[in-house]
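Keep in mind the model is a prediction, meaning the values are calculated, not measured.
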Amino acid sequence: MNFAVHELPKTKADKRFIFEWLFERSPRGAGAWLDAYDDILRRLETNAASCGEALENKDCELDVKQAFFKTKRGRVYRVLFFIEGVDVYVLRVRGPGQAPVDLQEM
């Protein structure tokens, strides 16, 4: 099944924050991270339904799922999302060491 993937405002803010943080340390690394992020969004277009439940799902009315992606350096990031019909709504992006998202942060 093909899905339409939508980034919500907090997702865009997460993406901007992570990218800028990485860019200050390594412009090349930030570009590689953005490529990996864009790749996970493309994979969600066809594989979102096969992703597992997120830790945040237990306290949320939505069926929150997660997909993992990593950079060439091996750092693992999580994309939190939910599916509604043929639409995937990306809620947040979490980096290594970041705590699970609180319900008020979604």
Are the charged groups of Arg94 and Glu56 less than 4.0 angstrom apart, N to O?
-> no
Do Ile18 and Trp33 have side chains that get closer than 4.5 Å, going by heavy atoms?
-> yes
Report yes if some heavy atom in the side chain of Gln66 is under 4.5 Å from a heavy atom in the side chain of Phe68; otherwise report no.
-> yes
Would you say Leu34 and Lys15 make side-chain contact, with heavy atoms under 4.5 Å?
-> yes
Summary of salt bridge (charged side-chain N to carboxylate O under 4.0 Å, His left out) pairs that have at least one residue in residues 21-31, sequence neighbours excluded = none
Distance (rounded to the nearest 0.5 Å) between Phe69 CZ and Asp35 CG | 11.0 Å
Show me the donor-acceptor pairs within less than 3.5 Å that the side chains of residues 84-91 make with the rest of the protein, sequence neighbours left out.
unit_1, atom_1, unit_2, atom_2, d
Asp87, OD1, His6, NE2, 2.9

Hey, does the side chain of Lys65 reach the backbone of Cys51 with a donor-acceptor pair shorter than 3.5 angstrom?
-> yes
Ala49: side-chain contact (heavy atoms from CB on, under 4.5 Å) partners, not counting sequence neighbours | Phe3, Ile83
With sequence neighbours excluded, give me every side chain to side chain donor-acceptor pair (under 3.5 Å) pair touching residues 36-52.
-> Glu7-Tyr37, Asp39-Arg43
Same cluster or not: are Leu22 and Phe17 linked, directly or through other Ile, Leu, Val, Met, Phe, Trp or Tyr residues, by side-chain heavy atoms under 4.5 angstrom apart?
-> yes
Spatial distance of atom OG1 (Thr11) from atom CZ (Arg92) [nearest 0.5 Å] = 7.5 Å
So CG of Leu8 and CG of Asp14: to nearest 0.5 Å the spacing works out to 10.5 Å
Tyr77 versus Ile40: any side-chain heavy-atom pair under 4.5 Å?
-> no
side-chain contact (heavy atoms from CB on, under 4.5 Å) against Phe23, all qualifying residues, sequence neighbours excluded = Phe19, Pro27, Ala30
